[in-house]
Amino acid sequence: MLFPRQGGKGAQRLLLFVLLLAAWKTGSGQVHYSVLEEAKHGTFVGRIAQDLGLELAELVPRLFRAVSKGHGDLLEVNLQNGILFVNSRIDREELCGLNLECSIHLEVIVDRPLQVFHVEVEVKDINDNPPVFRGKEQRLFIPESRLVDSHFPIEGAADADIGANALLTYTLSPSDYFSLDVQASHELSKSLSLELRKSLDREETPELRLLLTATDGGKPELQGTVQLLITVLDVNDNAPLFAQAVYRVHLLETTANGTLVTTINASDADEGVNGEIVFSFGSDVPLNIQKNFKIDSSSGEIRLIGRLDYEETKSYEIHVKAVDKGSPPMSNHCKVLVKVLDVNDNAPQLAVTSLSLPVREDTPISTVIAFVSVSDRDSGVNGQVTCSLMPHTPFKLVSTFKNYYSLVLDSALDRESVSHYTLVVTADGHPPTLLVFHVEVEVKDINDNQPVFPMAVKKLFIYESRLPGSRIPLEGASDADIGVNSLLTYSLNSNDYFTLDIKRNDKDIKSLGLVLKKLLNREETPEHHLIITAVDGGKPELTGTTQLKITILDVNDNAPEFERTVYKVSLFENAPNGTIAVIVNASDLDEGVNKDIVYSFTTDMSSDTLSKFHLDPVSGSIIVKGNIDFEETKLYEIQVEATDKGNPPMAGHCTVLVEILDTNDNVPELVIKSLSLPVLEDAPLGTVIALVSVSDHDSGLVSTFKNYYSLVLDSGACGPAKPALVCSSAVGSWSCSQQRRQRVCSGEGAPKADLMAFSPSLPPGPIEGNREDHLDLDVDLSAKVISIGKINSKGNFILPSVYHHLGNNLFESILFILLRIVFQKKKRERELTWGRDKEREKQNSKQAPHCQCEPNMGLEPTNYEIMTVLKSRVGCSIH
């Protein structure tokens, strides 16, 4: 055909349309062939490649293939010459049974581009099956009384072929008694019966043998034969008669088991047992009828006992026999035709083939992704199926042939938005019967996204003290693609201070960082500007960049330093709260906030130290805030930390050793070790009246000591006194001191002989002074210790009531000695505390002895002081 050149672009469009229409028809049309059954292997069927418009050279490259669902490899295509040929034996009866139409459907598929063609190959019948009777012999029992023209049903033959090849004609061997009667119907198979032409005589002819021949209509003709053995019976000469020769019933294929199909009615003119009828299926009833139906032998009811399936068997022809109980029995036959009605009991079947997965995200629109075929075993409108796609996706279904669809791309794909689709293909029958099929479609990535950093400009702040080799972590770029398209490599522009460090973990995730090559100097270069470039692994490569703006910061590089690493101070116990023990001082060479110092105790300080001292964080003063007791702790070691306010802060440390000095804050305890009473008036001078010990928990000259004192007779009873010595022993040594004279009277009344003496068991010590003033202490102090009293916590001397009966003079003498001991202790204390500042003198003055009389400030007690106490007979308040 020639086209005029006029028209320009319009003519070109028309030509393109005609070509596209021709290509579409070629891809979606159907080719028909036919082949005889039982054809030999290699039998030519058709030039399929030529008829489909395909070149022989492109069959192999385009992956030419022919698929026949459910029929195996009956047909094959020679890819060298494009000829469709018979590959294996085709038996039409096995393939399609008794169906008049029999064909093989082929799907021919080629790729690049993907196309599908539909080919129908009709299988034609040949006369390869002869007529067949169910048995080699049929037996008939005919009473001799049967009338001429009586009919006796016999079973015909069956032919597996169809059409003319299955049209049967029957002939009977010559006989004087019987002729063959054939009844034909367009719905039913031919009914055969023997017609009695002459009356029977059992005595003359008890048995007859006939040959029945069946000939089909094929070319050449095929035949089948059966022997008819006829036995002539006597008596019972009336056979049962059916109400109708054919019973017609229609049943839905969903009819339930036990449903009554029909009731067969028959009657017999005979009487008695000859008229009783027994119903049964004929002996030639097929197995599928026996499985699905049963008949009541008495009532003639036929009921359904199996499952009907219209798709398997559309009708049943049941032969029913009625036999009376005569002797010999007589029988008759009828037929029950059960037609099965179709219901929509089969769901549509859906198949998806030739999936082209995964689908690239740049796939052009209208590209075929897969083929979808649907089918329904039901018939008529029940077998009509419509196919649809849901939900809304960038795909659609396009109908290409009856019950065949193509799944094509309807809109552009973007893997980064949706990487996977679950398509729901639904097949809907009539009435509505929904079938759902899921198709998983994966979208394949292409390199259409460049690497992207979190920020186009990244600001970093780095201290100039950062050491070379230190690593500054950075955020890497991200790529929306996957696989090799998202594999990133990094590079850094050339510079003198930084290099780029890239690390990978177990999950192949890159960790990006800057590594310092040399020391920074903020004064020389306060800022650095770098550029990092990321390149992905796709083809073509895509890149992304980010700018690093690095600001160098000054640092706090000097720690505070104390004037001394160790501070040593002394502090008296019982120092009042608020007393400043020491002031520590530290300095920092930095400036601004980096040199501001805060003082604190270290975190490992004991709770006892923290309860006794407080540190002022600004001034560095260590202040007493708890009770300081020498007897508990004699030395405190305090760790002090000075921290500046730089970022990060730096700290210096020092140690403060606080030595605790003892003061006389413990009262002495007085105990009489030995006492000899009463004193005889003629007792010689120097007689020991009592031994007294005094102890104190303080240390050194004011601390714990243990002294022993003796009370001796200095003159006659109530006579004038003369000087006497009171000796003491302190820590194993002896010393004597001159004491004031004091008379000791034994009391009033007659002398008593109950004087007690004790051996002190003390070693003799050196004696100072005149020998005549020495006192020999030969008393056992360990034998019995008698305490005459104690100084309580308030400083009061307490005398037990057991001593109140002693004579006044003796009691006053003992108490005088005890008071002398106390005053000597206070004298030593005053010598130690002399010269302290006014505040400490003020404190010590509060601890001076308080009696009912005001004490003098001398080192020796006056007679007035002592006598005042003696007259009061109560203890003084002594500190």
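From a predicted model like this one, the values you see are computed outputs, not experimental measurements. Just so you know, these numbers use all the heavy atoms, side chains as well, and skip hydrogens, waters and symmetry mates.
- Counting heavy-atom neighbours within 6.0 Å of E475 CD, excluding the residue itself, gives a total of 12 or less.
- Between the R112 side chain and the P61 main chain, a donor and an acceptor come within less than 3.5 Å of each other.
- Judged by distance alone, the side chain of R415 and the main-chain N or O of A480 form a donor-acceptor pair under 3.5 Å.
- Of the possible polar contacts, one joining the K517 side chain to the N495 backbone as a donor-acceptor pair under 3.5 Å is found.
- In this structure a side-chain-to-backbone donor-acceptor pair under 3.5 Å is missing from T533 to S491.
- Between the CG atom of D644 and the CG atom of D588 there is a distance of 5.0 Å, given to the nearest 0.5 Å.
- By the 4.5 Å heavy-atom criterion applied to side chains, D662 and E631 are counted as neighbours.
- The number of heavy-atom neighbours closer than 6.0 Å to CD of E440, taken from other residues, nucleotides and ligands shown, is above 12.
- The neighbour count for Q80 CD, taken as heavy atoms of other residues, nucleotides or ligands under 6.0 Å away, does not exceed 12.
- Other residues, nucleotides and ligands contribute over 12 non-hydrogen atoms within 6.0 Å of the NZ atom of K634.
- Ring planes of F562 and Y599: tilted class, angle from 30 to 60°.
- With rounding to the nearest 0.5 angstrom, the CG atom of L52 is 9.5 Å from the CD atom of Q115.
- In this structure, the separation between CD on Q547 and NZ on K549 is 8.5 Å, given to the nearest 0.5 Å.
- In this structure, I472 CD1 and L516 CG are separated by 6.0 Å, a value rounded to the nearest 0.5 Å.
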Worksheet item: Does the pair K396 and V408 meet the rule for a side chain to side chain contact (heavy atoms under 4.5 Å, CB included), with working shown?
Response: CA-CA 6 Å; K396 67 178 180 179; V408 300; 3.5 Å; yes
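- Shown here for A575 and V624, the closest heavy-atom pair between the two residues is O-CG1, 3.9 Å.
- In this structure a side-chain-to-backbone donor-acceptor pair under 3.5 Å is present from N447 to P540.
- One distance of note links CG of L657 with OH of Y636; it measures 13.5 Å at 0.5 Å rounding.
- A donor and an acceptor atom, one from each side chain of Q639 and H653, are nowhere located under 3.5 Å apart.
- A 6.0 Å sphere centred on NE2 of H420 holds more than 12 heavy atoms belonging to other residues, nucleotides or ligands.
- Under a cut-off of 6.0 angstrom, the local environment of CD in E416 is crowded, with over 12 non-hydrogen atoms contributed by other residues, nucleotides or ligands.
- A donor-acceptor contact closer than 3.5 angstrom links the side chains of D481 and N449.
- Minimum interatomic distance between V368 and S406 (heavy atoms only, all atoms of both residues): CG1-CB, 4.4 Å.
- Between L635 and I660 the shortest heavy-atom distance is N-CG1, 4.5 Å.
- Minimum interatomic distance between L413 and R360 (heavy atoms only, all atoms of both residues): CD1-O, 3.8 Å.
- For the residue pair G476 and P454, the shortest heavy atom distance occurs at O-CD, 3.5 Å.
- Here the side chain of R65 pairs no donor or acceptor atom with the backbone of E107 at under 3.5 angstrom.
- Looking only at side-chain heavy atoms (C-beta outward), E541 and D536 come within less than 4.5 Å of each other.
- Taken from CD in E573 to OG1 in T633, the straight-line distance is 11.0 Å, to the nearest 0.5 Å.
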Worksheet entry | N577 and I623: CA distance, side-chain angles, deciding distance, side chain to side chain contact (heavy atoms under 4.5 Å, CB included) verdict | CA-CA 8 Å; N577 289 349; I623 303 170; over 6 Å; no
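- D445 places a side-chain N or O within donor-acceptor distance of the main-chain N or O of I482, the cut-off being under 3.5 Å.
- Side-chain atoms of K625 come within 3.5 Å of backbone atoms of L610 as a donor-acceptor pair (strictly under, hydrogens ignored).
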Item to complete: Decide side chain to side chain contact (heavy atoms under 4.5 Å, CB included) for D665 and F630; before the verdict, give the C-alpha distance in whole Å, the side-chain angles of both, and the deciding distance to 0.1 Å.
Response: CA-CA 10 Å; D665 57 347; F630 172 84; over 6 Å; no
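- Between V359 and T367, every side-chain heavy-atom pair lies at or beyond the 4.5 Å cut-off.
- For the side chain to side chain contact (heavy atoms under 4.5 Å, CB included) criterion with I622, the lone passing option out of V569, I580, V656 is V656.
- In this structure, a donor-acceptor pair under 3.5 Å is absent between the side chains of S606 and D608.
- Nearest heavy-atom pair, V555 versus S465, reported as atom, atom and distance to 0.1 Å: CG1-OG, 3.1 Å.
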